[in-house]
Amino acid sequence: MSGGKTMDRRRFSKIVSGASAASVLGLAGCASGGGGGGAKVVVVGGGYGGATAAKYLREWSDGRIDVTLVEPNEAFVSCPLSNLVLGGSRQMADITTPYANLARRHGVKLVRDTATAIDAQARRLRLASGTELPYDRLILSPGIDFMWDQLPGMAKPGAREQVLHAWKAGPQTLALRRQLEAMPDGGVFAIAIPLAPYRCPPGPYERACQVAHYFSQAKPKSKVLILDANEDVTSKGPLFKKAWADRYAGIVEYRPRHTTVDVDAASRTLRFDFNDPVKADVLNVLPPMRAGAIAVQSGLATANGRWCEVDWLTLESVAQPGIHVLGDSVQIAPAMPKSGHMANQHGKTCAAAVIALLEGRPPNPMPLYNNTCYSFVSPDEAVHVASVHAYDAGQKTMLPVHGAGGLSVAASELEGRYGFAWARNIWADTLG
Amino acid sequence: MIGLVYKRCLIEQARREETSLNFPIFLGLAALLLGGATAPARAEAAPDALQLRSWAAACFNCHGPGGHAEKGNESLAGKDAEEMFRKLMDYKSGRKPATLMHQLSKGYTDEQLKAIVGWFAAQKP
């Protein structure tokens, strides 16, 4: 319900003004005989959230909505499983899926470009190429961006080419793998983790496992040093600690309460707020994160200037009617992780709600969905965390359902097989 | 043309106001049912077709779009509703061991599970 009145008023005046009344009403079945143009929805970002939204907007409107997906990358590269590429047991091709099916099977218009500005009044999105796309509703799923200003040394020339994050799967994944391959045996790989919330809570710990596994096979005298700004492991803690103790004893060292405040790329040194500096052979720094730049620049990051608050029935921004925000950019609901699985759920929830709003119907009054997240502790054994989230009308947010969800009992190959099956299925759901 | 559009808007607005009156009551009921994990069997408003599709779609991530799974997970499209429901209830009660379905099934009421398996059963296999 939140924002509903405002939106109605806005739509009301918009329709009266007649600017694009035909396109909006066309969907409501009130268009004059021609009936050609449906409503226009533009989706920014072809990750788990945006690609899913684009696909289901087309499918669930029976093709009546004109959907354009703006994405700079040629193909989808999955962050989930990308740590296995770092560990060497999977290749980039294994985690890469083309966008072609979105166009061929679903009629999504793919635009390979970057969104640079939003004119919310005129309802137009400007792209880096200079093209402007008009929309009736805009969906932003821009993922995360890094708060480089928190790490002054990373502004030095070349620093960001030397010290990688590899937290957006793609060229950096491969580049970090090459750094690990080039590191002499006996070296130290240090990964710096920011304070939560950040994208993929268990991801850094899974990465530590994958690198440790590679070291155990190829460079047994080497170490993995985890420098975590948080009080403790933020996800699947006992399961990761067991893996480090049992499988990677003498390789992995975990140090909590280490907040990285600066990086000297030239000397490969991390500086902390309280602790002594740490020098390593390969640094992997995950800077503090916030919503993708287009969302922040457009004034949608209403929570501390970092994350975007939304109406959980529609994923519509609380700051700007007509603009929806999905995935990692969103100010999360209680116990809701910033995960690809969750972004996919946002995408479907938003697609259904946008169709309802464009047709003049109320959206689903009780979204109900789940999160399933697998982490690999070796090339073929995984652990999971699962949860169910339901809309709470009183608090107007998604809340975890009491008594549901949980963790693996122990890492297993069976869960590893399910982890790969999860990936195949969610890729099919998002892009197939 | 403008007159027609204007009239249409008034109808839409009236419909919304009507909806917004009913909304909180319905949501309140839903929240009550949801929160009442220990509540006995109760009269739960059956979800409409689109709500049900959205609930079912939350299972696509692992069971494939429309319940047509890729290799490694179970397809649900066109499967027998009673059999799926029994299996879920067995997961929920702990009678049937699982890696995670016992954890996810506990997040849904029996009625929700029944409605969701009904949706999958109605899909083409």
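First the proteins, then the strands, lettered A, B, ... as listed; each starts at 1.
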Problem set entry | Inter-residue atom distance B:S54.OG - A:Q345.CD, 0.5 Å rounding | 10.0 Å
For this session: Scan for ring pair (Phe, Tyr, Trp, His ring centres under 6.0 Å) pairs involving residues 106-125 of chain B, sequence neighbours excluded, and state none if there are none.
Result: B:F60-B:W119
Seminar exercise, completed: When the 4.5 angstrom heavy-atom criterion is applied to A:R417 and chain B, the contacting part is neither
Exercise. Considering only heavy atoms, which portion of A:A352 lies under 4.5 Å from any heavy atom of chain B: side chain, backbone, both, or neither?
Worked result: side chain
For this session: Let me know if A:H384 has heavy atoms under 4.5 Å from chain B in its side chain, its backbone, both or neither.
Result: side chain
For this session: State the CG-NE2 distance between A:D429 and B:H68, to the nearest 0.5 angstrom.
Result: 12.5 Å
Problem set entry | Portion of B:H102 that has a non-hydrogen atom of chain A nearer than 4.5 angstrom | neither
For this session: Please round to the nearest 0.5 Å and tell me the distance separating atom CE of B:M101 and atom OH of A:Y418.
Result: 10.5 Å
For this session: Count the heavy atoms belonging to other residues, nucleotides or ligands that lie under 6.0 Å from NZ of B:K79, then report whether that count exceeds 12.
Result: yes
For this session: Taking all non-hydrogen atoms of both residues into account, name the closest pair between A:N425 and B:K71 and its distance.
Result: ND2-O, 4.3 Å
Exercise. Can any side-chain N or O of B:K106 pair as donor or acceptor with the backbone N or O of A:G403 at less than 3.5 Å?
Worked result: no
Exercise. Under a 4.5 Å heavy-atom cutoff, which of B:C59, B:S105, B:A58 has the most pairs with chain A?
Worked result: B:A58
Exercise. Between B:P65 and A:Y56, is any pair of side-chain heavy atoms under 4.5 Å apart?
Worked result: yes
Problem set entry | Which portion of A:L414 sits near chain B, non-hydrogen atoms under 4.5 angstrom | side chain
For this session: Using a 4.5 Å cut-off on heavy atoms from C-beta on, say whether the side chain of A:L368 contacts that of B:Q112.
Result: yes
Problem set entry | Validation row: B:Q103, A:S387 side chains within 4.5 angstrom (heavy atoms) | no
Problem set entry | Flag for A:N364-B:Q51: side-chain donor and acceptor within less than 3.5 Å | yes
Exercise. Counting heavy-atom pairs under 4.5 Å to chain A, which of B:D48, B:L104, B:N61, B:T99 comes out on top?
Worked result: B:N61
For this session: Can you see which heavy atom on A:W422 is nearest to which on B:N73, and at what distance?
Result: N-ND2, 4.1 Å
Exercise. Residues two or more places apart in sequence or in another chain: which of them pass side-chain hydrogen bond (donor to acceptor under 3.5 Å, both in side chains) with A:Y369?
Worked result: none
Exercise. Between A:W60 and chain B, which part of the residue has a heavy atom less than 4.5 Å away: side chain, backbone, both or neither?
Worked result: both
Exercise. Between A:T430 and chain B, which part of the residue has a heavy atom less than 4.5 Å away: side chain, backbone, both or neither?
Worked result: neither
Problem set entry | Residue B:L50 versus chain A: region with a heavy atom under 4.5 Å | side chain
Exercise. Got a donor-acceptor contact below 3.5 angstrom from the B:W55 side chain to the A:M366 backbone?
Worked result: yes
